[in-house]
Amino acid sequence: MLEQLDKDYVLNTYARNYVNFKRGENATLFDDKDNNYIDFTAGIGVVSVGHGNKQVADAIYEQVSNITHISNLYAIEPQALLAQKIAQLSGYDVATFFANSGAEANEGAIKIARKYGQTKFANKKYKVITLEHSFHGRTITTVRATGQDKFHSPNFSPYPEGFSYNKQINDIYNSIDEETVAVMIELVQGEGGVQPFEKEEIQKLAKFLKEKEVLFIIDEVQTGIFRSGEFLASNLYEIEPDIITIAKGLGGGVPIGAVLTKHKDIFSPGDHGSTFGGNYLVTRASLEVLKILDEYKNKGALDEAIIYFESKLSALFEKYPNIFISKVGLGLMRGLRAKDEATLAAIIKNAFEQGVLVLKSGRNTLRFLPVLTITKEEIDEGFKRLDDAISKI
Ligand SMILES: *Cc1c(COP(=O)(O)O)cnc(C)c1O
């Protein structure tokens, strides 16, 4: 029924599984037949504080009972408080623009960089360098910024100019020219195989870019909001980027994206905007999400979850040396590289049948982006089911 409805009326852009989820409790989902599933995906890293979170639900209910939306023509108290909270948690002296998604946050980042290039340099710098295997979004510009050929279909051309890709961090040094305004990277490429970059190589690049007056943009749409174990992966790497984008985990499921920058004077009224961006609903929800996660981190529970998850992942990796070739990732952003694409597809399919949801990254990486508040029991149960799924291959 749902399958037919979806096929008849929703545009066909996703290769979907047909299951009808009705409710969730933290990292456990229940379908219409009351089958339960352990969710190791968190809606692709979005549902940071779990499904059916009562505290967030209450905050949203209270907010929308009063005001859901006004418009950005008036100051919005939860928006201002959220911007303050983001600055405090990041430890950076930044101001924030609120958008509705990761791609939109990256659009904002690129606009800030472009205006910086146009207004700060006589030769009007505009070029942006990104990396191969990156992912920055699905708008025409962010798809262009994404360093994966499969996204650059000629069906959507022409694409905006001024973007180029480097194979690795080390190649960036020679690619920068007089017109380069920014380098934009993820610290762990979420869609590109979950391989974290080395801290030293990132710090060295950050220092070089600063000397060259080239902006360093970190796309933390996936790595941000405690996914790495710190509020931002930039905190973990101990760098101070010029611009940072966040989205996925920020709202715990409500659509919100944000671009943070220390260059507070670049935008002026009229330069950028959004009808929905940062409205009462999403910023009130995000405030509650950050409150929960801040406490969760401070009492050591996040670190415990990371350590426990990693121990279970390692055990699985060691049990199947004929299936997995390496273990990648950090924090609660983890991956197991499968020996080939077909094996990975079989694992994901069997896992679903065993009642555990997992993701694919890149060509052959089994990806885990669990709810940050996942319990030990849920981790145990999820890995037990995954083990069963793999043993059937
Ligand atoms: C998901 C993601 C995006 C795009 O976010 P949307 O909300 O889907 O637009 C951009 N960058 C990274 C690193 C992502 O993981």
Side-chain angles (χ1 to χ4, degrees), residues 11 13-16 41-48 96-113 128-148 150-152 156 163 165 169 182-197 202 216-228 231-234 236-237 241 243-260 274 276-278 282 285-286 289 328-335 359-362 365 367-370 372:
L11 276 178
T13 63
Y14 304 101
R16 278 184 158 151
T41 75
I44 320 188
V46 167
V47 190
S48 45
T96 294
F97 173 86
F98 289 100
N100 310 286
S101 66
E104 251 190 273
N106 286 336
E107 289 271 346
I110 294 163
K111 281 181 75 173
I112 293 170
V128 177
I129 296 174
T130 64
L131 285 174
E132 287 184 13
H133 307 296
S134 60
F135 183 76
H136 299 296
R138 297 293 208 141
T139 62
I140 296 262
T141 300
T142 57
V143 121
R144 181 74 176 85
T146 292
Q148 299 188 55
K150 68 172 181 188
F151 286 108
H152 305 147
F156 309 116
F163 293 87
Y165 321 109
I169 297 283
V183 168
M184 175 160 83
I185 66 165
E186 301 151 83
L187 294 172
V188 186
Q189 293 182 327
E191 308 302 311
V194 205
Q195 182 71 55
F197 290 111
I202 295 297
F216 202 10
I217 306 175
I218 306 294
D219 178 346
E220 296 230 29
V221 169
Q222 195 161 144
T223 56
I225 322 300
F226 296 103
R227 182 61 53 193
S228 70
F231 178 60
L232 298 172
S234 297
L236 188 69
Y237 280 73
I243 303 172
I244 296 170
T245 55
I246 52 179
K248 289 191 165 89
L250 178 57
V254 300
I256 181 168
V259 46
L260 294 44
S274 167
F276 294 111
V282 297
S286 298
V289 167
V328 289
L330 46 73
L332 283 177
M333 182 172 187
R334 298 276 175 174
L359 293 160
K360 176 182 176 170
S361 170
T365 305
R367 178 170 48 150
F368 303 83
L369 289 173
L372 300 177

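Predicted model, so just to flag it, every value in this text is computed and none were measured. Just follow the structure's listing: the first ligand is 1, and inside any ligand the first atom is 1.
Looking at Val194 and Val188, their side chains come closer than 4.5 Å, going by heavy atoms from C-beta outward. Looking only at side-chain heavy atoms (C-beta outward), Leu260 and Ile243 stay at 4.5 Å or farther from each other. In this structure, Ser228 and Tyr237 have side chains that are not in contact, with every pair of non-hydrogen atoms separated by 4.5 Å or more.
The only option from Thr142, Thr141, Asp219 that meets the side chain to side chain donor-acceptor pair (under 3.5 Å) definition with His136 turns out to be Asp219.
Aromatic rings of Tyr165 and His152 (six-membered ring for Trp) have centroids within the 6.0 Å cut-off, being under it.
For Phe135, the ring-ring contact (aromatic ring centres under 6.0 Å, His included) partners at least two apart in sequence or on another chain are Phe151.
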In a simple table, one pair per line, please give the protein and ligand 1 atom names for every N or O pair closer than 3.5 Å, along with the distance.
unit_1, atom_1, unit_2, atom_2, d
ligand 1, 7 (O), Gly102, N, 2.8
ligand 1, 9 (O), Gly102, N, 3.4
ligand 1, 9 (O), Ala103, N, 2.7
ligand 1, 11 (N), Phe135, O, 3.1
ligand 1, 11 (N), Asp219, OD1, 3.4
ligand 1, 11 (N), Asp219, OD2, 2.8
ligand 1, 15 (O), Gln222, NE2, 2.7
ligand 1, 15 (O), Lys248, NZ, 2.6

